[in-house]
S.K.: 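Below: one structure in structure tokens.
By convention in this document, chain letters (A, B, ...) are assigned in the order of the sequence lines, proteins followed by strands, and residues within each chain are numbered from 1.
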Amino acid sequence: MQRPRAARSDQWRRAMRQPPRANDYRDCWCGDLLPADAGRRLRVAGWVHRRRDHGGLVFIDLRDRSGLLQLVFHPESRAAHELAHTLRPEHVISAAGTLRERDQENVNPEMATGALELDVSELQVLARARTPPFAIDEEQPIDELTRLRYRPLDLRRAPAARRLALRHELIALIRRLLHERDFLEVETPLLTRSTPEGARDFLVPSRLARGSFYALPQSPQLFKQLLMVGGIERYFQIARCFRDEDLRADRQPEFTQLDLEMAFVAEEDVIEVIEAVMAPVLELGGVAVAPPPWPRLTHAEALARYGSDRPDLRYGMEIADVSQLVAASEFRVFTAALQSGGVVRAINVGQRQLSRSALEGLNDVVAGSGAKAVAPIYVGAEGGAWTGNLARFFSADQVAAVNDALSARAGDLLLFVADEAAAAAAALAVLRAHFAEHFSLIDADAHAITWVTGFPMFEWSESDRRWVSLHHPFTAPALEAHERALLREDPASVRSRAYDLVLDGVEIGGGSIRINDAQLQREVFAAIGIDEREAEERFGFLLEALAYGAPPHGGIALGIDRIVAICSGSESIREVIAFPKTASGLDPLTGAPAPVDAAQLRELGLRQAGA
RNA sequence: GGGGGCGUAGCUCAGCUGGUUAGAGCGCUGCCCUGUCACGGCAGAGGUCGCGGGUUCGAGCCCCGUCGCUCCCGCCA
């Protein structure tokens, strides 16, 4: 097998801003030394990155966070030279000597300090290292389980260190920009009470109140609203959030949000702040998006044109609704779907020839979306007439109208889905994503960001047999005071004042204008089946706070992990979290979660069920 | 909860249609080497083929189960 060439450049490492305080270990960083430093007598410390032992001369590449520096051991410095033979990768050493400029022919142009080397006269081994389970000095991909099991070693590798450094830079910028805009960073409790709506809570048993439990927060939502009532006016937090649900590449049981809330604001105020903060953050992260103001799509528009409420705008193939255009056709699949209240929608895949089996395979591609089938039609060369065995069901006028709606040209492949609106949208969204991937339509450097607004306030939950909040129950409805009866009478018609931020088809944040009136909050609770008593019991503290003069307020939460993942080109947010968990919620490093002593359980008043 | 992919040396992988003693590169150990920078040379060690069961004269390979990793659906306001 061809062995991938190890990265030889350590240029990515950021220059350290100031030298370390000189002590017994070191007085300089490795990676920052310049030719002007040649001649200095200095001491460096770090890990043995690589060793090249010639028997006579010994070369060591020494690594610290700032980068690499070559150490040379000459036989003349006998003690150091002898000790140098015993060095192995990842041993921790401190070395003192004279920094020299290398002879011209010995310069390594691929190394930031490649024109320099430290002529070592004194070597101290601070710690020996076992042979690491994988090489630190290569970029070769290692099985993720192994990396997590040995995460401290993995973090020594350049890609992991680079991602953590980027994460820090982005968060530091966020803090600075929000500080400049008069936001206060306020911490909120991690031990709080369980709330009924939303994700499953992680519970923490109470020792002092036996039989009762804290919950880890799914987000600081309620606390930030209380901070608004408390007159903080502009709050933010880099907040850890916890949700006990099944995991994905972009979901961890604990994750980090930029949580933010503002008083006396409407949608535009929150959006303006986020654009002002996130534009420079994305720029620093190397993600080039259009300058603000960023585009807005309504929820309905996003579903109609892209089939998804988090549309990926990096590629075209917009969906067109052709229901009216084919209603009079002879094609029973279409007309039957329309008669039962469904829709016929299509995308134009462009000049693509797919084999018969590939076309049939599309049915499998959309299978998970609930739609039954995909009907492919090719646009022929002659005047846009359709080819294939479905063509005969459509009149020339119908063909022309559909071609027009899809901007179809000769040779284009059109894909139709006839189904209930939601299933059709989902299927076409899957097809868009499938072809974007399959035909490599997405330029690695291309990014597209958009707001999605105008969400429905509620959606019907078939499993719970009730309306549930699409965003959360504290989101304000887009209703005038005299329209409030709609919350009871026609919940489906009510829009909320929520907004999502979508980058490259990933929901990176969402927020809303909140309810600041206790009575309206009660009515919204009632609409989702939380009666007066339950509302008082679970959310009494919120209702009480709202009753004491709550300013109009709203905010947003942005997924820091997802943002850093996109900025660093990571497939999974695990890559941008120092100590992540596996897809089954385990930490291979610590072994968490783990059983506890019976005594610990007793103290908490807990007993294991069964057994 | 459901579906797909993966699991062979410390790491990354190969292993044909089921057939002799399971291989490679890197790493590791020992020796040699004074200008290397993925140093080089010589020699060597290293395997519960994830685990359990089954089929077979014979299983790394086929079947069943199970565990782990991973992706997706459900779920995640």
S.K.: Expressed as a whole number of Å, how far does the C1' atom of B:rG40 sit from that of B:rU34?
M.R.: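 Nearest-Å result for B:rG40 against B:rU34 at atom C1': 13 Å.
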S.K.: Quick check for you: among B:rG68, B:rC71, B:rC11, whose closest atom lies nearest to any side-chain atom of A:L586?
M.R.: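 Of the candidates, B:rG68 comes closest.
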S.K.: Is A:R200 salt-bridged to A:E245, cutoff N-O under 4.0 Å?
M.R.: yes
S.K.: Any sub-3.5 Å donor-acceptor pair from A:R240's side-chain atoms to A:T256's backbone N or O?
M.R.: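 Between the backbone of A:T256 and the side chain of A:R240 there is no qualifying donor-acceptor contact (under 3.5 Å).
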S.K.: Quick check on A:Y214: does its OH atom have over 12 non-hydrogen neighbours (other residues, nucleotides or ligands) under 6.0 Å away?
M.R.: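 Check fails, neighbour count at 12 or below.
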S.K.: Is the closest side-chain heavy-atom distance between A:L222 and A:F541 below 4.5 Å?
M.R.: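 Contact flag for A:L222/A:F541 side chains = yes.
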S.K.: Rounding to a whole Å, what distance do you find between A:E138:CD and B:rC37:C1'?
M.R.: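 Rounded to whole Å, this separation is 14 Å.
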S.K.: Check the pair A:R514, A:S512 against side-chain hydrogen bond (donor to acceptor under 3.5 Å, both in side chains), reporting the backbone distance first and the verdict last.
M.R.: CA-CA 6 Å; A:R514 328 294 185 186; A:S512 62; 2.7 Å; yes
S.K.: Could you pick out which residue, A:P473 or A:A583, lies toward the 5' side of RNA chain B when each is mapped onto its nearest nucleotide?
M.R.: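 Here A:A583 is the residue nearer the 5' end.
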S.K.: Tell me whether the OP1 or OP2 atom of B:rC39 has a side-chain N or O from A:R50 closer than 4.0 Å.
M.R.: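 Checking B:rC39 against A:R50, a side-chain N or O does come within under 4.0 Å of OP1 or OP2.
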S.K.: On a whole-Å scale, what distance lies between the P atoms belonging to B:rC61 and B:rU8?
M.R.: 13 Å
S.K.: Would one find a side-chain N or O of A:R52 under 4.0 angstrom from OP1 or OP2 of B:rU36?
M.R.: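 The answer is no; no side-chain N or O of A:R52 sits under 4.0 Å from OP1 or OP2.
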S.K.: Would you call A:E138 and A:R50 a salt bridge, using N to O less than 4.0 angstrom?
M.R.: no
S.K.: Quick one: which of A:H81, A:H54, A:H49, A:H74 gives a ring pair (Phe, Tyr, Trp, His ring centres under 6.0 Å) with A:F59?
M.R.: A:H54
S.K.: Roughly how many Å is it from NE2 in A:H434 to C1' in B:rC72, rounded to a whole number?
M.R.: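 Value for this atom pair: 15 Å.
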S.K.: Expressed as a whole number of angstroms, how long is the span from A:D464:CG to B:rG74:C1'?
M.R.: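 The answer, rounded to whole Å, is 14 Å.
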S.K.: Could you tell me which nucleotide pairs with B:rG7 by Watson-Crick or G-U wobble geometry, both distances under 3.5 Å, or answer none if nothing does?
M.R.: B:rC67
S.K.: Tell me which nucleotide, if any, is Watson-Crick or G-U wobble paired with B:rC57 when both distances must be under 3.5 Å.
M.R.: B:rG19
S.K.: Looking at RNA chain B, which of residues 147-154 of chain A put a heavy atom within less than 4.0 Å of it?
M.R.: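 Close to the strand, none.
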S.K.: Are more than 12 heavy atoms, taken from residues, nucleotides or ligands other than A:R310, located less than 6.0 Å from that residue's CZ atom?
M.R.: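 Incorrect, the count does not exceed 12.
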S.K.: Got a donor-acceptor contact below 3.5 angstrom from the A:D64 side chain to the A:W29 backbone?
M.R.: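 It does not hold such a pair.
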S.K.: In whole Å, what separates the C1' atom of B:rG23 from that of B:rU66?
M.R.: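 Those two atoms are separated by 29 Å.
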S.K.: Need one value for A:A135: base, sugar-phosphate or nothing, where a base atom within 4.0 Å counts as base even if backbone is also close, heavy atoms only.
M.R.: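 Since no nucleic acid heavy atom lies under 4.0 Å of A:A135, the category is nothing.
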S.K.: In whole angstrom, give the distance that lies between atom CG of A:D250 and atom P of B:rC75.
M.R.: 16 Å
S.K.: Taking the six-membered ring for Trp, are A:F439 and A:F435 parallel (under 30°), tilted (30 to 60°) or perpendicular (over 60°)?
M.R.: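 Parallel, since the angle between the ring planes stays under 30°.
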S.K.: Write down the distance between CD1 (A:I60) and P (B:rC39), rounded to a whole number of angstrom.
M.R.: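 About 10 Å, once rounded to whole Å.
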S.K.: For A:S66 and A:G31, indicate whether the former's side chain and the latter's backbone hold a donor-acceptor pair under 3.5 Å.
M.R.: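 Flag set: sc A:S66 to bb A:G31 pair under 3.5 Å.
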S.K.: Would you indicate, yes or no, if B:rU70 has its OP1 or OP2 atom less than 4.0 angstrom from a side-chain nitrogen or oxygen of A:S572?
M.R.: no
S.K.: Would you measure the distance from the P atom in B:rG58 across to the matching atom in B:rU20 and give it in whole Å?
M.R.: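 To the nearest whole Å, 15 Å.
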S.K.: Between B:rU70 atom P and A:I142 atom CD1, what is the distance in whole Å?
M.R.: 16 Å
S.K.: Output yes when A:R149 and A:D154 qualify as a salt bridge under the 4.0 Å nitrogen-oxygen rule, no when they do not.
M.R.: no
S.K.: A:H299 and A:F455: aromatic ring centres closer than 6.0 Å?
M.R.: yes
S.K.: Would you mind listing every salt bridge (Lys or Arg N to Asp or Glu O under 4.0 Å) that reaches into residues 500-513 of chain A, with sequence neighbours excluded?
M.R.: A:R314-A:D504
S.K.: Could you tell me how far B:rC28 sits from B:rC67 if I compare only their C1' atoms? Round to whole Å.
M.R.: 30 Å
S.K.: Tell me whether A:E144 is salt-bridged to A:R151, with the criterion being a basic N under 4.0 Å from an acidic carboxylate O.
M.R.: no
S.K.: Give one of base, sugar-phosphate or nothing for A:P133, where a contact means two heavy atoms less than 4.0 Å apart.
M.R.: sugar-phosphate
S.K.: For nucleotides 4-9 of chain B, which of its nitrogen or oxygen atoms have a protein nitrogen or oxygen under 3.5 Å away, and what is each distance?
M.R.:
none

S.K.: Just wondering, do A:D250 and A:S572 contact through their side chains at under 4.5 Å, heavy atoms?
M.R.: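 A:S572 does not reach A:D250 side chain to side chain.
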S.K.: Does a sphere of radius 6.0 Å around CD in A:E437 hold more than 12 heavy atoms from other residues, nucleotides or ligands, not counting ones at 6.0 Å or beyond?
M.R.: no
S.K.: So which of residues 235-247 of chain A are in contact with RNA chain B, with a heavy-atom cut-off of under 4.0 Å?
M.R.: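 By residue number: A:R243, A:E245, A:D246.
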S.K.: Any donor-acceptor pair under 3.5 Å linking the side chain of A:S219 with the backbone of A:Q221?
M.R.: yes
S.K.: How does each nucleotide of nucleotides 28-35 of chain B score, in 5' to 3' order, for protein heavy atoms under 4.0 Å: base (B), sugar-phosphate only (S), or none (-)?
M.R.: SSS--BBB
S.K.: Rounding to the closest angstrom, what is the interatomic distance between B:rU12 and B:rU56 at atom C1'?
M.R.: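 Going atom to atom, C1' in each nucleotide, I get 34 Å.
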S.K.: Report yes if the side chains of A:M111 and A:L68 come closer than 4.5 Å at any heavy-atom pair, otherwise no.
M.R.: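 Heavy-atom side-chain distance check passes, below 4.5 Å.
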S.K.: Under 4.0 Å, heavy atoms only, any strand: does A:I528 hit a base, just the sugar-phosphate, or nothing?
M.R.: nothing
S.K.: In whole angstrom, give me the gap between the C1' atoms of B:rC62 and B:rG47.
M.R.: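 Comparing C1' positions in B:rC62 and B:rG47 gives a spacing of 23 Å.
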S.K.: I need the CG-P distance between A:L71 and B:rU36, as an integer number of Å.
M.R.: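 About 17 Å, once rounded to whole Å.
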S.K.: Would one find a side-chain N or O of A:R248 under 4.0 angstrom from OP1 or OP2 of B:rC73?
M.R.: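 For B:rC73, OP1/OP2 do have a side-chain N/O of A:R248 under 4.0 Å.
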S.K.: With a 4.0 Å heavy-atom cut-off, tell me which residues in residues 213-225 of chain A come close to RNA chain B, sorted by residue number.
M.R.: A:Q218, A:S219, A:Q221
S.K.: Between A:E144 (CD) and B:rG68 (P), how many Å, whole number?
M.R.: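 Distance, rounded to whole Å: 16 Å.
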S.K.: With rounding to whole Å, what would you report as the distance between B:rA45 and B:rG10 at their C1' atoms?
M.R.: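 Comparing C1' positions in B:rA45 and B:rG10 gives a spacing of 13 Å.
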